[in-house]
Amino acid sequence: MDVSLILDSLNKAQRDAVTTNVSALLVLAGAGSGKTRVLVHRIAWLIAVEGLAPHAIMAVTFTNKASKEMKHRIESLLGRSSGDMWIGTFHGLAHRLLRAHARDADLPDTFQILDSDDQLRVIKRVMKEMTIDENEWPAKQAMWFINQQKDEGRRPKDIRHQGDLFTSTYTNVYYQYQNACQVGGLVDFAELLFKAYELIRDKQHLRDHYQERFQHLLVDEFQDTNGIQYAWIKLLTSKSCKISIVGDDDQSIYGWRGAKIENIQKFENEYDDTKIIKLEQNYRSTGNILKAANAVIANNLERMGKNLWTDDNEGEPISVYAAFNEQEEARFIANQIKDWVEQGKSYSECAILYRSNAQSRVLEEFLLQRQIPYRIYGGLKFFERAEVKTTLAYVRLMYNRQDDAAFERVVNVPARALGPKSIAIIREKARENNTTLWQAAQVVAEEKLLTPKASQSLFNFLNLVHQCFEDFNDLPLSEQIQLTIEATSLDQLYAKEKGEKALARKENLAELANAAREFDSDDYPDLLPMTAFLAHASLEAGDNQAQQYEDCVQMMTLHSAKGLEFPLVFMAGMEEKLFPHMMSMDEPDKLEEERRLAYVGITRAMKKLYLIHTEKRRLYGKETYPRISRFIKEIPDSVKQDVRLNSQIEQPAFSQMGSQINGGDDSNQFRLGQTVAHPKFGNGVILNHEGDGSQARVQVNFDSVGAKWLMLAYARLEAV
DNA sequence: ACGTCTACCGTTTTT
DNA sequence: CGGTAGACGT
């Protein structure tokens, strides 16, 4: 292969990163600096120039999207299939290992993956069986506790505590839950990683094999790795395997779900023969946007240090808009988008970013009103939808009768007179005989331990599952799915529902059969096609919206915006307590993570960035008078510009807005929404007023102290 | 077994 | 304020 093809399109730093020959390379890649490109070209370099065999390479990402993109780009650069390399997500590769060595991992060949929803159900059931009061000990918290322990590589026996009730209670739940999973052949997401780690750690023949096989490990988004992922990487690279990692400590925003920024910070000391290369040239944003981003992130203390720069010109200043309230915020954004489109540009170039999902509703209303097409990211994925999960639970149960989670999900759907009472009896039987629910149900049905009607019903259910599975024979996947939907009468159940929902459900089920038809099980030649499909459904929950190809405005949280870029970006709700969020303001570490989130948001913008905050916001049904976010204040004045309310050519948001407040004499004429200065409190915005003449009072939201009522006659306010 | 009422809660999310 | 989960009643 021609080396120039690999290197020509790269800048100096990128070229270094691609060609450097050390045992451990850290590429600190700023936002928009071409990190995926470096990763892909480095792999090409390793193969084409250093002569590494493709099967000796492993490349790990966090999301399916990233791994697909990497595969794709490698293939188009190398002009060959990437099939012999191990490229995938942490969970995908862990799954692959566990499938290949299920016995060694102490798992049945038929093991199933639990998604978070399934996991919570199982935990709830376990806790009920332990008669733990769910009001006092929320199952959600138990799940969080268990996953956190697993992310840190701790089994129940490894958890140290001095008898405090919290830890001991949840450790017990962990123990029982793990037991239930073992019996049912169930593996949750955290367990995939943990088990894959234990597998390599404890089975010497496998450790030797993989440590020898993999000669170069590449990891994307290293700042997001958690404890167990790190340990797994360390294990694989502890012999001769070289490692290249790419990441950006300034974009570490997932600390709250176990990611450890220290992993990237300490990398240099943890490995021998290391080299750090910084990619600081940004190809995405204008100079002003980068200045803003650099200035904000400079306020963080725990940084490895990096400064983005660009060859591009300064571009427009960043616009800061003080909206009166969230409706006006939404209206402003809608107007700007209209303007943008009228200039001949497209909706899909615009993104509205916010800190929390709750903010999307008002924004959505106004876009709808203005007939601006939009797409909201987040929400239920395809394979997470109730009807899809129920159908797949039937299939799971057919293929694996041990699967108690699946059994419970479907035993009374559609309703077949097997209510809580009947199920309790089955569960009791299962505990008594120490069997699965399926086996217990058989006993219960045979011995007719339920009411005659329920017994018959249970018998029919067992038969149904059994018979349907028999009928599968060697039918193609999609026909197995179709058969399941019909045999279980799920189609009729959903047809009975009223209105739009029924239609959506019907479509989703049709789409499920379709997904099965298109599914390619070649990645797992040793697995039954359906087993592979079920794993695929859990590991790649799919997209969440249908009309994604339409030209529409992109709305999403700041978190989901990571990795994306848009010519026009709005960051809404730039207010203290909302962003930085109230829950993350008190601890320095959490605040720094919020600031990194702001950095991520700012660096999404290519051409133009708007920061919007409100003077007044309804939050949980209460009026609040938020102060402007510190992150706006951290941006130097030289690159930002206030959008003046009175220069807006539009109808006022409220009839009273813009109306004169009569303060008695001509020197005291103010409007709602106007910015004023007070000798003691500094600048603020007029929110409200009451009374006339010498009794006139105004409410002003001050940047320094928040909202205050002042007597207009005494307050010595000046227009700004 | 299903619908209605109430009490509670309320960042961020991928796999 | 608005969604939801679980209790409670028909």
Side-chain angles (χ1 to χ4, degrees), chain A residues 60-67 88-95 113-121 124 128 133-135 138-140 144 147 150-151 187-194 196 220-221 224-226 228-229 252-259 326 353-362 377-381 383-384 412-422 453-454 457 496-497 535-544 556-563 573 577-585 590-591 593-594 596-598 600-601 617-624:
Chain A
V60 199
T61 65
F62 276 86
T63 65
N64 291 304
K65 195 173 153 212
S67 95
T89 64
F90 277 102
H91 292 86
L93 295 177
H95 176 239
I113 300 167
L114 292 181
D115 68 19
S116 344
D117 189 58
D118 301 327
Q119 186 185 21
L120 187 62
R121 281 164 182 273
K124 277 190 175 167
K128 208 165 235 168
D133 179 11
E134 258 215 60
N135 289 318
K140 274 234 171 87
W144 178 83
N147 287 341
K150 289 185 177 184
D151 284 348
V187 179
D188 61 55
F189 287 134
E191 187 71 18
L192 279 174
L193 301 177
F194 198 177
D220 192 17
E221 305 273 23
D224 288 337
T225 51
N226 65 26
I228 198 73
Q229 287 160 336
S252 163
I253 55 174
Y254 287 113
W256 50 276
R257 67 176 198 209
E326 66 267 37
L353 312 181
Y354 35 80
R355 175 67 235 264
S356 68
N357 291 114
Q359 288 169 256
S360 69
R361 228 195 68 241
V362 178
Y377 283 71
L380 274 195
K381 306 278 185 69
F383 284 108
E384 291 168 357
N412 200 31
V413 180
R416 49 171 73 86
L418 294 171
K421 233 180 183 154
S422 309
K453 194 174 154 216
S457 197
K496 266 189 277 178
E497 273 181 38
H536 165 83
S538 305
L539 286 174
E540 275 188 65
D543 239 317
N544 57 20
M556 67 194 84
T557 62
L558 287 156
H559 280 91
S560 5
K562 195 171 102 169
K577 294 192 176 173
L578 199 57
F579 189 36
H581 194 275
M582 196 156 35
M583 313 287 299
S584 312
M585 289 191 1
K590 288 188 172 175
L591 181 66
E593 184 155 306
E594 293 286 300
R596 293 194 288 268
L597 193 54
V600 167
R617 179 182 296 272
R618 212 175 180 85
L619 213 59
Y620 303 136
K622 271 213 198 74
E623 304 261 271
T624 61

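Here is how names work: the chains are called A, B, and so on, in the same order as the sequence lines, proteins then strands, and each is numbered from 1.
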Where chain A begins and ends its contact with DNA chain C, read 5' to 3' at 4.0 Å from heavy atoms:
C:dC1 to C:dG6
In sequence, state the C-alpha distance, the side-chain angles, and the governing distance for A:Asn147 and A:Gln119, and then conclude on side chain to side chain donor-acceptor pair (under 3.5 Å).
CA-CA 10 Å; A:Asn147 287 341; A:Gln119 186 185 21; 2.8 Å; yes
Can you check whether A:Tyr254 stacks with the B:dT12 base, using ring centres under 5.5 Å and planes within 30°?
no
Do A:Glu540 and A:Lys381 sit within salt-bridge range, that is, some charged N less than 4.0 Å from a carboxylate O?
no
Face-to-face stacking of A:His581 with B:dT11, centres under 5.5 angstrom, angle under 30°
yes
Does the separation of the ring centres of A:His91 and A:Phe62 fall below 6.0 angstrom?
no
Please measure how far the C1' atom in B:dT14 lies from the corresponding atom in C:dG3, and state the result in whole Å.
24 Å
Within the 4.0 Å heavy-atom criterion, would you say A:Ser116 contacts the bases, only the backbone, or no part of the nucleic acid?
base
Any base atoms under 4.0 Å from A:Lys124, or only sugar-phosphate, or nothing? Heavy atoms, all strands.
sugar-phosphate
First locate atom OG1 of A:Thr63, then atom CG of A:Asp220, and finally report the distance between them rounded to the nearest 0.5 Å.
8.0 Å
Looking at every strand, decide which applies to A:Asn357 at a 4.0 Å heavy-atom threshold: base, sugar-phosphate, or nothing.
sugar-phosphate
Pick base, sugar-phosphate or nothing for A:Glu134, based on heavy-atom distances below 4.0 Å to the nucleic acid.
nothing
Whole-Å distance between B:dT15 P and A:Phe62 CZ?
11 Å
Protein-nucleic acid N or O pairs under 3.5 Å, nucleotides 4-6 of chain B:
none

Just by distance, do the side chain of A:Arg596 and the backbone of A:Ser252 share a donor-acceptor pair under 3.5 Å?
yes
